[in-house]
Amino acid sequence: MTEVPADDVADDAPPAHPLGLLTAAEVTAARQILEADGVLTEGAVVVHVVLHEPEKAVVAAWTAGDPVERRVRVLVVPGPELTMIELVVSLGQGRIVERNVIEGMRPALLFGESFGAIIACLEHPDYIAALARRGITDLEGVQIDPWPAGVFGYAAEQDRRIARCISFLRDGPGDNGYARPIEGVIVHVDLGRGEVIEVIDHAQRDDVAPVPVPTAGARYGADDVGPLRTDLRPISITQPEGPSFTVEGNLVRWQKWSLRLGWDPYEGLVLHQIGYDDGGRTRSILHRASISEMVVPYGDPGEAQGWKNAFDAGEWGLGRMTQPLTLGCDCLGEIHYVDVTMADERGRPWVVPNAICMHEEDAGIGWKHVDLLSGTHEVRRSRRLVISHIATVGNYEYGFYWYFTLDGNIQLEVKLTGIMSPQAVAPGSSSPFATTVADGVVAPVHQHLFCARLDFDIDGTENRIEEIEAEVLPLDGDNPWANGFRERASLLSRESEAQRETCAATSRRWRVTNPAVRNGLGSPVGYQLVPTMSAPTLLARPESSVARRAGFATHNLWATPHRPEERRAAGDYPNQHAGGAGLPEWTAADRDLVDTDVVVWYTFGVTHLPRPEDWPVMPVEYTGFLLTPFGFFDRNPALDVPATDATHCHEPT
Ligand SMILES: [Cu+2]
């Protein structure tokens with residue numbers, strides 16, 4: 001187990017490609033330009049500095065050695081009001097080239113303001129009194145979680161950036177506070193001003209006894225759960241000649257695949273220019289792939305839980321919440337790490353070391369056949385390139401694992417783990433909207449709905465999308481034995497037709513093709529989006545706040561013609577947004593999708609009906625999807641994979 005030496009990805013050498021990862025020197029240069037401009041006034045917060053990706057045509061026309069024009073997008077919040085300044089800074093020209101003042105919108109929750117909200121709670125007499133009513137007088141062990149507030153018509157929401165703060169009790173610094181929810185206390189905090197607006201104590205308001213704070217602990221560290229099992233023998237993964245991939249700048253090559261790594265504070269890992277080498281020619285598949293947005297809506301209709309609808313991408317940020325990975329623990333084998341650079345809230349470089357992990361895995365058999373007549377046995381191993389990162393969003397962990405395999409498949413697997421956000425109930429009681437995980441502790445039902453944005457470029461940008469499913473034939477003269485079924489392809493020609501749900505019974509999937517490029521069999525080349533894993537849509541009713549705000553989650557599939565500014569499925573600023581932005585707004589134009597630059601948006605995820613086994617820390621649960629070639633190749637593209645041991649694997653059985 002070794003760490004492959006770092007290359008120049010994270011150092012300050014100027015990126016050699018227009019889509020190169022942002023460097024610390026670039027963030028520093030941007031900050032100097034902002035300072036010189038005077039836009040960073042006293043108290044201003046830099047929300048993000050992110051690469052302003054050049055338009056597709058510019059990237060396509062660029063060749064090695066051409067000058068690299070680098071621009072960054074910056075978001076500045078000058079004060080506590082709902083004013084934000086969007087800037088585009090040209091690093092080459094050393095100046096701000098675009099400036100747009102936005103009124104009435106909120107940024108993602110800011111780290112500095114969130115810490116300020118916690119302090120404001122702890123100092124507020126109404127909060128201290130609410131804790132005292134629950135027997136808590138020592139604030140040392142109180143854990144406060146600021147949550148995105150959503151839109152529920154509270155007066156506190158008006159014209160402010162707010163958080164709703166909920167509380168838990170720890171018995172020491174290393175304790176799992178989620179064992180002891182402090183129920184019925186929700187604090188509305190004005191984030192911009194660092195002021196408590198209102199302490200809502202359900203028990204005081206309703207003149208009822210508070211729900212007792214649960215007493216049992218739920219620690220999960222090695223020292224807390226013993227005895228540990230002792231019969232696990234070591235697994236060592238060795239690649240004596242090193243891994244089979246190379247990394248040059250942000251360009252990754254593995255087997256016939258090539259792609260470029262990107263990073264976004266909200267989307268996390270971004271994959272650009274995914275292509276496949278076919279006879280010495282790189283064929284394009286995806287121009288850009290990322291998680292555009294996600295939402296975690298809770299199902300309990302009561303006021304204690306019913307407002308919980310965290311947009312973990314747009315309100316917190318899957319990139320901003322990404323944590324460094326640890327060799328041998330998070331990642332096993334011959335690992336190549338990539339650091340990522342963002343900006344802190346003062347606009348200074350903020351580097352997350354070991355944020356992206358890359359390695360190769362054996363993936364079982366790739367293909368196999370035993371010819372029973374001759375006894376010939378042909379079998380090939382499958383292996384995959386894994387590119388991953390893990391975001392810790394409050395109580396939860398989301399691991400994003402992109403897999404590339406030798407047979408042309410691309411898969412995204414999301415691993416969900418961490419700690420469920422619990423609720424306290426009276427000892428011995430339960431909740432119809434939650435699973436009891438300990439006496440007086442229940443885990444409410446909720447969903448995790450991710451929206452992948454997939455900008456397909458199948459052998460070029462002019463693509464179309466069809467819905468594919470099995471069609472059962474009617475019982476008539478053409479189907480006398482009643483067994484007949486066949487593949488049906490339906491062109492999704494407009495945006496209104498491309499708002500679709502999965503259907504496991506008919507093996508429904510979606511195929512993106514390029515009719516202008518034919519394979520050796522004479523049919524259009526294509527790739528399919530196959531719903532291989534769980535893909536619920538939003539369960540909250542259409543009348544709900546979250547259905548308006550997370551419109552993307554009301555369908556599994558959407559398709560749009562490519563527009564560079566249409567990046568985030570719920571719009572750029574979902575925090576406390578009343579709704580309608582993003583996909584519902586864009587697709588209202590009902591644009592044409594035939595032989596255009598198609599972008600596919602796919603909502604998938606998990607409806608989490610908690611189990612006792614998910615407590616106190618969840619075993620990984622999986623969701624995701626598969627992209628598989630359909631006629632992109634003329635036959636199995638992994639025929640040329642050599643046998644692992646030619647002498648053994650070819651022997652007659
Ligand atoms: Cu969950």
Side-chain angles (χ1 to χ4, degrees), residues 237 239 241-247 251-261 269-279 281-291 331-336 356-369 378-389 399-415 452 454 456-459 509-512 519 525-533 600 602 604 620 622-645 649:
I237 297 168
Q239 292 185 276
E241 298 173 27
S244 312
F245 61 85
T246 62
V247 184
L251 176 63
V252 181
R253 293 182 186 277
W254 177 74
Q255 292 299 300
K256 299 179 182 184
W257 292 101
S258 58
L259 57 93
R260 287 187 180 274
L261 302 173
L269 180 62
V270 177
L271 300 182
H272 299 284
Q273 295 188 305
I274 299 171
Y276 194 92
D277 185 280
D278 194 359
R281 182 171 61 96
T282 299
R283 297 176 60 192
S284 63
I285 298 167
L286 283 152
H287 177 70
R288 192 180 189 283
S290 65
I291 294 294
C331 323
L332 204 55
E334 293 279 336
I335 302 299
H336 182 95
I356 304 172
C357 169
M358 277 185 285
H359 72 286
E360 230 176 345
E361 284 178 356
D362 181 276
I365 62 163
W367 56 264
K368 172 186 169 79
H369 185 59
E378 295 282 355
V379 60
R380 302 293 184 273
R381 300 298 299 174
S382 174
R383 69 166 80 177
R384 61 191 184 190
L385 174 68
V386 186
I387 307 178
S388 67
H389 73 106
F400 297 90
Y401 293 74
W402 288 92
Y403 301 133
F404 296 83
T405 46
L406 300 172
D407 56 8
N409 282 355
I410 303 169
Q411 186 184 357
L412 175 64
E413 186 171 74
V414 182
K415 302 184 184 182
L454 304 168
F456 282 95
D457 279 2
I458 303 296
D459 272 329
R509 71 269 320 270
W510 295 279
R511 187 180 299 160
V512 179
N519 58 30
V525 294
Y527 255 77
Q528 299 188 134
L529 166 58
V530 185
T532 47
M533 301 179 86
V600 173
Y602 181 61
F604 63 97
V620 165
Y622 301 86
T623 184
F625 60 85
L626 175 68
L627 305 177
T628 190
F630 186 94
F632 191 81
F633 305 104
D634 295 345
R635 57 181 190 167
N636 181 349
L639 291 179
D640 61 350
V641 175
T644 312
D645 179 343
C649 295

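- Looking at Leu529 and Tyr602, their side chains come closer than 4.5 Å, going by heavy atoms from C-beta outward.
- Residues Arg288 and Val270 approach most closely at CZ-CG1, 3.6 Å, considering heavy atoms.
- Taking both residues in full, the closest heavy atoms of Ile335 and His359 are given as CD1-CB, 3.5 Å, listed atom of the first, atom of the second, then distance.
- Of the listed residues (Arg383, Arg381, Arg384), just one forms a salt bridge (charged side-chain N to carboxylate O under 4.0 Å, His left out) with Asp362, and that residue is Arg381.
- The two residues Ile458 and Ile285 come nearest to each other via the heavy atoms CD1-O, 3.7 Å.
- Contact of the Phe632 side chain with the Asp278 side chain is not registered, since no non-hydrogen atoms from C-beta on lie closer than 4.5 Å.
- Within the 4.5 Å cutoff, the side chain of Leu286 has no heavy atoms near those of the Leu271 side chain.
- Across all their heavy atoms, Ser388 and Tyr401 have their closest contact at CB-CD2, 3.4 Å.
- Side chain of Glu360 to backbone of Ser244: a donor-acceptor contact under 3.5 angstrom is found.
- Side-chain N or O atoms of Trp367 include one that pairs as donor or acceptor with a backbone N or O of Ala638 at under 3.5 Å.
- How far CG of Leu406 is from CG of Leu385: 10.0 Å, rounded to the nearest 0.5 Å.
- The side-chain heavy atoms of Arg509 and Pro531, taken from C-beta on, include a pair separated by under 4.5 Å.
- Nearest approach of Ala289 to Leu454, heavy atoms of both residues: CB-CD2, 3.9 Å.
- At a threshold of 4.5 Å between non-hydrogen side-chain atoms, the residues Met358 and Leu261 count as touching.
- Ring-plane geometry between Trp402 and Phe625 is classed as perpendicular, the angle between the planes exceeding 60 degrees on a 0 to 90 degree scale with a lower cut at 30.
- Once rounded to the nearest 0.5 Å, the distance linking CH2 of Trp510 with CG of Leu627 reads 12.0 Å.
- Between the NZ atom in Lys415 and the OG1 atom in Thr623 there is a gap of 13.0 Å [rounded to 0.5 Å].
- The shortest side-chain heavy-atom distance between Pro629 and Asn409 falls under the 4.5 Å cut-off.
- Summarising the geometry, atom OG1 belonging to Thr246 is positioned 6.5 Å from atom CG belonging to Leu251; distances are rounded to the nearest 0.5 Å.
- Counting only heavy atoms from C-beta outward, the side chains of Asn636 and Arg380 never approach each other to under 4.5 Å.
- Side-chain atoms of Ser284 come within 3.5 Å of backbone N or O of Asp457 as a donor-acceptor pair.
- One distance of note links CD of Glu361 with OH of Tyr403; it measures 6.0 Å at 0.5 Å rounding.
- Across Pro637 and Gly408, no two heavy atoms sit closer than the pair CG-N, 4.4 Å.
- Atom CZ of Phe633 sits about 6.0 Å away from atom CZ of Arg283, to the nearest 0.5 Å.
- Side chains of Glu378 and His369 form no contact here, defined as non-hydrogen atoms less than 4.5 Å apart.
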